[in-house]
Amino acid sequence: MLRLRSVGRVAELAAQAEATQATGHTGIAHTRWATHGVPSERNAHPHISGGLAVVHNGIIENHEALREALKADGYVFTSDTDTEVVAHLVEKKLRNTPDLFVAVREALAELQGAYALAVMRESDPDHVVVAREGSPLLLGLADDGCYAASDASALLQVTRRMVYLENGDCAEIRRNGVRICRVDGTPVERAVIESQLSADAVELGIYDHYMQKEIFEQPDALANTLEMVGAAKSLQPGLFGAEAESVLGGARQVLILACGTSWHAGLVARYWLEAIAGIPCSVEIASEYRYRDSVPDPATLVVTISQSGETADTLAALQHAKSLGMARTLAICNVPESSLVRETALRFITRAGPEIGVASTKAFTTQLAALYLLTLVMAKLRGRLDAETEVRELKALRHVPAAVQRVLALEPEIKAWAQLFAAKQHALFLGRGRHYPIALEGALKLKEISYIHAEAYPAGELKHGPLALVDKEMPVIAVAPNDTLLEKLKSNLQEVKARGGELFVFADADSEISASEGVHVLRLPEHYGALSALLHVVPLQLFSYHVALVKGTDVDKPRNLAKSVTVE
Ligand code: M6R
C-alpha cells in the first residue's frame, strides 16, 4: 500500500504520484476541507491503521469518546482529525472477522454524525468498501471498473452510468461487481441512472476559469431553465410537480430556507411573492432556522433552494420543518439526483448545467428565474394574475436570456473598473428593495474570490451607522436600477459623496445618474421591471471576477472554501 499526501492543490499530489511511478489499479483519495485539525499533511487523508486505509467526507460527532476508548485499547493517533477514529475502529473490528465489509458495517453502527467513507486494505487490494450517511456518495459503473465519488461531475470523464447510494447504504466493490446493502446487512437494489450531463459540460473549453465560463453561460442556462414556458400561452402549476396545484394552492404563507447565494435568491423572491402573489413570506438562513424555536404553521409552503442539493444545513433545516408538521415542501435545485430533491413533495430543477466554480453564478440567476415562475404560479392560483398580465409576464421571461446577453457585453467597462478597484481593502455595497439582496450577493462574490472585505446594506440604513466608515478609502458600490426607490437611493449616494466616498454605480439606461469626479456610472442596456434583480447581479459577478483576476487569486477555488458544503 502506498500513501501519498500533500497540502495544496490536487495537481501537487498528482506530480508526487508520477514521481513515485506508483502502479496499481485500486485507490482511494479525498480533498480535505478541514473541520478537525489544521490543513496539514499529518491531517490529510487517507488515515491508516494497520494495513487499512480510510478516506472520509463529513464529521464524526462522537469522535472524542471513540478516540478515548480506542486509545485505551492501545491505538496510537497520529492526526487531529475525527476521521482517524474510523480507521482504528474498523481495524479493531477486523480482529473478530476476516471480512472487511462486515467490519466496516460493525464500525458504522458505532459512529454518530455524517459520512461518505471509502475503506480498503493492503492484504486485499481488489476490494473497496464505501458507505454513506448524510454526505453524498454515488457509484459510477464504467467498462473498465467501478468508481465512487461525492459528485456526478467527478465521474463524467469515465462513465455516465451512476448509482446513487442512500443514507444508510454501504457497498463493496470488487473486480466482478458491486454489492449494496444496508448497515444491518440487508441487501438492497439501487437503480442505475444514465446521467444527462455530458463530459463537455465540465470542460473549461475556451475559458480561463469555470467562474468566467459559468457567468457567460447564463443566457443558455436561463433559456434551458425557462424552456418549458418557451412556447406556453399560460403558466401551469404542474411546472413544480404533479401535486403542485393542491400543495401550492392551499399554502397560507411561504418559508424559504437556504444558505449563501441561494439564501440571497430567497431574499429577492420574498419581494416578488409578497408584492405579486400577495402571500406572506419569510426567508431564513438554514443553519439558523434548524436550531431556532419557531412557530410552525402546517399551511406553510417550505421552499428550499440549493445549487447542489447536498448542503448539510439546508437538508437539516428541511427535516426540521417537516418534523414540525410542515409537509408542503418544494426544492429548487440544480442537481436532479441530489438528496434535497428526494426529500420534498414538489421540485423544480434549474437547468444551469454543472457549476464547478466555488462562487455561485449561473445557479443564482436560474434560481431567480425559477422563483419568479413560482411567484407567477402562486399569483395565478390566488387569483392575482389576469390573462393579459400573464401573457405579458411570459413574454418578459422569454426575453431574459437575450437581456442577460446584452448585459454581458458590458464586460470591457467592468474590466476597467476592476483595475481602479483592486487595490482597495474594503467596500460597501448598497441597494434598496429587491436590489438589496443583489447588493448582498455582490458583496459575497467580491469577498469570496478577491478577499476584499465587503459588506452590503439596504441604502436607507447607511445613516444608521455604516456611514461612519465612509471616506476616500471606502468605495461604495450601488445597485441603482430605475425603480420606485431610485430617488431615495440617489439621496443616499449624495450622503456618500459628501463624505468623500468613491462611488461605483450600476444604473439603468434611464436612471439619470451622471458620472462626475469620484462617481463612476455604468448603465445596463434596458430597464427590466420586477426582473431587474436578475440582470443587475450579472455585472457584479463580472466585477468580482475581474477584481480577482487583477489580484491574482485562485478564482475557482478560493482559499478556505468548498463548492458543496456537506458538513455542518
Ligand atoms: O449548493 P447550495 O446552493 O446549497 O450552496 C449554498 C452556499 O454554500 C453557496 O451558495 C455558497 O455561498 C457559494 N460559495 C456562494 O458563491
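Both ligands and their constituent atoms are indexed starting at 1 by order of listing. For the numbers below, each heavy atom of this structure counts, side chains included, while hydrogens, waters and symmetry mates do not.
The cationic atom of Arg559 (NZ for Lys, CZ for Arg) lies less than 6.0 Å from the six-membered ring centre of Tyr451 and within 45° of the ring axis.
Remark: Glu413 engages Leu410, Leu522 in a side chain to side chain contact (heavy atoms under 4.5 Å, CB included) (not counting sequence neighbours). Applying the salt bridge (Lys or Arg N to Asp or Glu O under 4.0 Å) rule to Arg9 yields the partners Asp554; only residues at least two apart in sequence or on another chain are considered. Scored by the side chain to side chain contact (heavy atoms under 4.5 Å, CB included) test, Val202 finds Ser153, Leu156, Gln157, Pro354, Ile356 as partners (sequence neighbours excluded).
Donor-acceptor pairing under 3.5 Å is lacking for the side chains of Asn43 and His36. Between Glu310 and Ser564, the side chains place no donor N or O within less than 3.5 Å of an acceptor N or O (distance only, hydrogens not considered).
Sorted by chain then number, the residues whose non-hydrogen atoms approach ligand 1 to under 4.0 Å are Cys259, Gly260, Thr261, Ser262, Ser306, Gln307, Ser308, Thr311, Val358, Ala359, Ser360, Leu444, Lys445, Glu448, Val565.
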